[in-house]
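See structure below.
Residue indices begin at 1 and follow the sequence shown.
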Amino acid sequence: MKINLMVWAVVLLCAALFILCDGLSAHWGKTGSGRSLAIVMLLSPVGYFAFAFINTRLNLAVTGALVNTIVVAGAVLVGALVFKEEVSKAQYLGIVLALVAVTLLNVD
């Protein structure tokens, strides 16, 4: 199943929104920032709308696998880069394998 460029763009947008919301939720949890929580409440529906749009083009199994795999890899990177959390070599290997999985999901 080849995924066209527009669908890939929405997959990446959807994953980015979910990663942003995850990061903002973590920020809210650590600091109590009401602004972070408000942004999450505004962006979450947009992320789910994007997910629903992708689901009109792909089946749920592929949609969920693509978006969630990218979200997992992105969350690890945000944790390492933004929150200065320690990431092991095995976790970085997991990110690489996740990206390989996303690539394989796009192969016919």
> Would a hydrophobic clustering, with Ile, Leu, Val, Met, Phe, Trp and Tyr connected at side-chain separations under 4.5 Å, put V71 with V76?
Replying inline: no
> Should V46 and M41 be regarded as members of a common hydrophobic cluster, given that ILVMFWY residues are connected when their side-chain heavy atoms come within less than 4.5 Å of each other, either directly or indirectly?
Replying inline: no
> Which atom pair, heavy atoms only, marks the closest approach of A80 to V87?
Replying inline: CB-CG2, 3.3 Å
>> Please tell me whether V78 and V11 are part of a single hydrophobic cluster in this structure, the criterion being side-chain heavy atoms less than 4.5 Å apart.
In response: yes
>> Which heavy atom of V67 sits nearest to which heavy atom of A15, and what is that distance?
In response: O-CB, 4.1 Å
> With sequence neighbours excluded, what pairs up with K30 under the salt bridge (Lys or Arg N to Asp or Glu O under 4.0 Å) test?
Replying inline: E85
> To the nearest 0.5 Å, how far apart are NZ in K89 and CG in L93?
Replying inline: 11.5 Å
> If you measure from CG on N4 to CZ on R57, what distance do you get to the nearest 0.5 Å?
Replying inline: 8.0 Å
> So do the side chains of I54 and V7 get within less than 4.5 Å of each other, counting heavy atoms only?
Replying inline: yes
>> With a 4.5 Å cut-off on side-chain heavy-atom distances among I, L, V, M, F, W and Y, is there a chain of contacts connecting L12 to V10?
In response: yes
> What's the spacing between L37 CG and L42 CG if we round to 0.5 Å?
Replying inline: 9.5 Å
>> Hydrophobic cluster membership, with links at side-chain heavy-atom distances under 4.5 Å among I/L/V/M/F/W/Y: are Y48 and I19 in one?
In response: yes
> Between V40 and W28, is a side chain to side chain contact (heavy atoms under 4.5 Å, CB included) present by the stated rule, with each step listed?
Replying inline: CA-CA 9 Å; V40 168; W28 170 68; over 6 Å; no
>> I'd like to know whether L66 forms a side chain to side chain contact (heavy atoms under 4.5 Å, CB included) with W8, so could you lay out the CA-CA distance, the side-chain angles of the two residues, the decisive distance to 0.1 Å, and finally the verdict.
In response: CA-CA 9 Å; L66 286 173; W8 264 115; 3.9 Å; yes
> Taking atom OG1 of T63 and atom CG of L58, what is their separation to the nearest 0.5 Å?
Replying inline: 4.5 Å
> Please, which pairs that meet salt bridge (Lys or Arg N to Asp or Glu O under 4.0 Å) have at least one residue in residues 8-18, sequence neighbours excluded?
Replying inline: none
>> Give me the atom names and distance for the closest heavy-atom approach of M6 to F53.
In response: CE-CZ, 3.6 Å
> Can you tell me how far the CD1 atom of I70 sits from the CD1 atom of I95, to the nearest 0.5 Å?
Replying inline: 12.5 Å
> Which heavy-atom pair separates L43 from C21 by the least distance, and what is that distance?
Replying inline: CB-SG, 3.7 Å
> Say you draw a straight line from CZ of F51 to CG of L13; how long is it, rounded to the nearest 0.5 Å?
Replying inline: 13.5 Å
> Any donor and acceptor pair, going by atom type alone, linking the side chain of T103 with main-chain N or O of L99 inside 3.5 Å?
Replying inline: yes
